[in-house]
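Just the heavy atoms: all of them, side chains too, but no hydrogens, waters or symmetry mates, feed the values below. One-based numbering, in listed order, for ligands and for the atoms of each.
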Amino acid sequence: MRKILVAGNWKMHGSSSMVSSLLDGLLAAPRSESIDLAVFPPFPYLAKAQAMLAGSGIAWGAQTLNPLSQGAHTGEVSAPMLVDLGCRYVLVGHSERRTIYGENDEDVAARFAAALEYGLEPILCVGETLQEREDGRTEAVVERQLQAVLDHSGVEAFGRAVMAYEPVWAIGTGKTATPEQAQAVHAFIRDKIASRDDIIGGQLRILYGGSVNGSNAADLFAREDIDGGLVGGASLKAEDFLAIRDAAA
Ligand code: PEP
């Protein structure tokens, strides 16, 4: 049985006081032994997350990283820096990074490899646009995004990683994929990995992301291949985020 992971991607939201009260709210709630919780604040608040969450059982991670370990790259943040800040996870290939910041499949693969090299657990995000779904290309797009990482790092790497299926048309739109739509793609992803390595495929955690909230989470998490959620908007209020966690219980 894979342990559910509920991960909160705060994107470029927050302030020092908002982060304090949000994390206070999460820390005040009773812990759940059966569900992992993780938050992904913007870079400037990672040190606060480390100070407040250390020893709490709630993990934290970053929203992206540069694939290089150091150098003349103004504005960038490397894997060793994230390790220094106690991060366990890092998101790679989020659709906003792919579309707004032009990260292609090879860039994503390089970031995934850099995270693993330094002991971080990458959460590899994949997913199709609405046009791609309407054209019947969902599986082809997801397969292409996954293949780039497999080519670069090999299937063994997925033994130390998490995946997130995030249909682009469902992110921040209030339009959630139906549990059937999500389950179909999750099963497709698991099969791709399991066809290379049964055990790694069976153990891989695949999160669903795209307008998850307290009302739709239980139905999604009940599906065989959905092992948790990557949550944007609903992770910005402790009670909303905890409602999603509780839906998984
Ligand atoms: C996300 O940011 O990855 C996301 C899924 O956002 P939302 O939950 O707001 O759709």
Notebook entry, point to check: What distance separates Tyr165 OH from Cys125 SG, expressed to the nearest 0.5 Å?
Noted result: 12.5 Å
Check: When rounded to the nearest 0.5 angstrom, what distance separates CZ in Arg97 from CD in Glu103?
Finding: 4.5 Å
Check: Under the salt bridge (charged side-chain N to carboxylate O under 4.0 Å, His left out) test, which residues partner Lys3, sequence neighbours left out?
Finding: Asp36
Note to self: Parallel, tilted or perpendicular, judged at 30° and 60°: which one describes the rings of Tyr208 and His186?
What the structure shows: tilted
Margin query: Taking side chain to side chain contact (heavy atoms under 4.5 Å, CB included) as the criterion, tell me which of Phe43, Trp60, Tyr89 meets it with Leu82.
Written below: Phe43
Next item on the list: Report all protein residues having a heavy-atom distance below 4.0 Å to some atom of ligand 1; order the list by chain, then number.
Entry: Asn9, Lys11, His94, Glu166, Ala170, Ile171, Gly172, Gly209, Gly210, Ser211, Leu230, Val231, Gly232, Gly233
Checklist line | Between Trp10 and Gln63, a side-chain donor and acceptor under 3.5 Å | finding: no
